[in-house]
Amino acid sequence: MKVAEMPVESVFPRLEALLPHVQKPIQYVGGELNSTVKDWDSSDVRWALMYPDAYEVGLPNQGVMILYEVLNEREGVLAERTYSVWPDLEALMREHGVPQFTVDAHRPVRAFDVFGLSFSTELGYTNMLTALDLAGIPLNSADRTVDDPVVLAGGHAAFNPEPIADFIDAAVIGDGEQAVLEITDVVRAWKAEGRPGGRDELLLRLARTGGVYVPRFYDVEYLADGRISRVVPNRSGVPWRVSKHTVMDLDEWPYPKQPLVPLAETVHERMSVEIFRGCTRGCRFCQAGMITRPVRERSITGIGEMVEAGLKATGFEEVGLLSLSSADHSEIADVAKGLADRYEDDKIGLSLPSTRVDAFNIDLANELTRNGRRSGLTFAPEGGSERIRKVINKMVSEEDLIRTVATAYGNGWRQVKLYFMCGLPTETDEDVLQIAEMAKKVIQKGREVTGQNDIRCTVSIGGFVPKPHTPFQWAPQLGVEETDARLEKLRDAIRGDRKYGRNIGFRYHDGKPGIIEGLLSRGDRRVGAVIRAVYEDGGRFDGWREHFSYDRWMRACESALPAFGLDLSWYTTRERTVEEVLPWDHLDSGLDKDWLWDDWQDALDETEVEDCRWTPCFDCGVCPQLDTHIQIGPTGKKLLPLTVVNAGAADAG
Ligand code: SF4
């Protein structure tokens, strides 16, 4: 008999005794407003959903929240959540034999049918191993039995799940809403038939749907120099390429309807409504933009209903309008005005967490802050020089930026934050030093417009990591020393400036976590040995600065990779050629590989590509493959790319 069919008891009595000895025990107790506990025995398919990070980061994750609700709404299906436990509790759980548990009913994770993990970053991989081990589930999928759940990876990092191929049973790429229900049906049918063929048969049935990747059914063959020669299915009926899932009509999936309200402090204390999915601006570094195509907008009515229902269900006082580039919704002006009018008296704050300078309209920002305070505006030119912005296809001219900033200052905004990346393909020191120049011009303009001297501008810089399924998937990543040296030059240029230096804040990360993220992003199955070695050496919470240890990762690379004749730089700073088989080529994001290559060549030629929402299609491959079109303006109103703020607007403010 499978464990899941035996009585499953809550581990809470045993856990409770440990909680007084750990930090922030409240994160482990569950019972949040809008959480759900369904009856175990009357459910025939049970999911444990994990965001493999601490509660405070994991709880607000929209992906998990949506799937939790979609699954729990289904008759006979139960879903509970689990998060990474901090090392203090991990040690006590090991000492007292308490397994990885869900926060909803404190059931042991191993008792579930499916253990689904959502990875937005690869730096969560070691946390997955900790959770598996605490759960009593063998780390290697090959060692699992019919008593273990199907370990399923999703989220953006799952678009190249090869580095964790040994540890997961399956991966799903793309939108999860429909996919989890399809998987549920396969699991339910297999269980109802008495689990014929055991675990292998279940995984085979999932693989044969064409939308679930089961690594064990694919053999990877290598060339003598270490590159992949091909990836071949080893079972009949298993597709050569696995397709991504795409929900076409977001209005049909208005989730979360009942957003979870955290008990402990979390990173976002607001409710979020996803106003569209996908992005067609074509920024070449942006994996999220590429893999979530095509654009699918939620209608104004749909957004309004979700905000209304969500506020009622939660009591939150702030609504975030989420997407990859929220000001790009074709009806954002109406959306913002409508919501600001509707909630004017209720003091509900509105925010657009991701906005872009070229689409940013100060009227819109003013509208959003009508009910709240005007603190800071963040713009993301990403590249310091005009040249590098052409390489990355971030079509923002300095003139546009300065003009927009002037309008912002004129409207009472006082703090501007600029976000950039360092280590972009073809980048030189000069490109990065231009960042200092831009910050100075921003302050200069601010002083001019306001007549005040206390204008601040913060420059925040992240290291660029080339990602699969983007035009930069072939690019060499900049090494750690080079990244750090370039950032130091920029820091010196900023600090050394007598006139503006003190008004420019400078935040950056060193290149070390970036190069490890690079290894995990573009790695293949052989990188699994590195992840395991890091985990066994104590690696946990690698996305957290205070827990990440570069030395530990280096030790693991040095012990695991030479057996394959490879090293860290082979995976990171090496440029790939057009004929190389990439580890993720058999996972179909919908983007045509030839188009990606051409776009990479365009990048090297500093040639820009327009946004296909407003220009003719440039054949990236996604729409024909999905037999669809970009969806904009679903309410049928006039489509308006936001007007560029004109210079005169600054004076008007
Ligand atoms: S297929 Fe054409 S219209 Fe569709 S996302 Fe790609 S470039 Fe845009």
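Remember, it's a predicted structure, so these values are computed and weren't measured experimentally. In listed order, ligands and their atoms are each counted from 1.
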>> Give me the nearest non-hydrogen protein atom to atom 2 (Fe) of ligand 1 as residue plus atom name, then the distance to 0.1 Å.
In response: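 Ranking protein heavy atoms by distance from atom 2 (Fe) of ligand 1, first comes Cys617 SG, 2.4 Å.
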
> Can you tell me if an N/O/S atom from Cys623 lies under 2.8 Å from atom 8 (Fe) of ligand 1?
Replying inline: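 Of the N, O and S atoms in Cys623, none lies under 2.8 Å from atom 8 (Fe) of ligand 1, which means no.
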
> Got a second to check how far Ile435's CD1 is from Ser385's OG, nearest 0.5 Å?
Replying inline: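 Result: 9.0 Å between the selected atoms.
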
>> Nearest 0.5 Å, please: how far is CE in Met65 from CE in Met271?
In response: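 Output value for this atom pair is 9.5 Å.
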
>> For Asp175, is there an ion pair with Arg296 - N to carboxylate O distance below 4.0 angstrom?
In response: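 Salt bridge present between Arg296 and Asp175.
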
> Does ligand 1 have a heavy atom under 4.0 Å from the side chain of Val295, from its backbone, from both, or from neither?
Replying inline: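 Near ligand 1, Val295 shows nothing, with every heavy atom at 4.0 Å or more.
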
> How about Tyr125 and Phe167: are their ring centroids closer than 6.0 Å?
Replying inline: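 Centroid separation for Tyr125 and Phe167: 6.0 Å or greater.
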
>> Over 60° means perpendicular and under 30° means parallel, so tell me whether Trp595 and Phe618 are parallel, tilted or perpendicular.
In response: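 Ring orientation of Trp595 relative to Phe618: parallel.
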
> Which ligand 1 atoms does Cys612 reach within 4.0 Å, using its non-hydrogen atoms?
Replying inline: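 Once the distances to Cys612 are compared, the set is 3 (S), 5 (S), 7 (S), 8 (Fe).
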
> At a 4.0 Å threshold, what atoms of ligand 1 neighbour a non-hydrogen atom of Asp619?
Replying inline: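 Going through ligand 1 atom by atom, the ones under 4.0 Å from Asp619 are 2 (Fe), 7 (S).
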
> Under 2.8 Å from atom 6 (Fe) of ligand 1, is there an N/O/S atom belonging to Cys620?
Replying inline: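 Cys620 does place an N, O or S atom closer than 2.8 Å to atom 6 (Fe) of ligand 1.
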
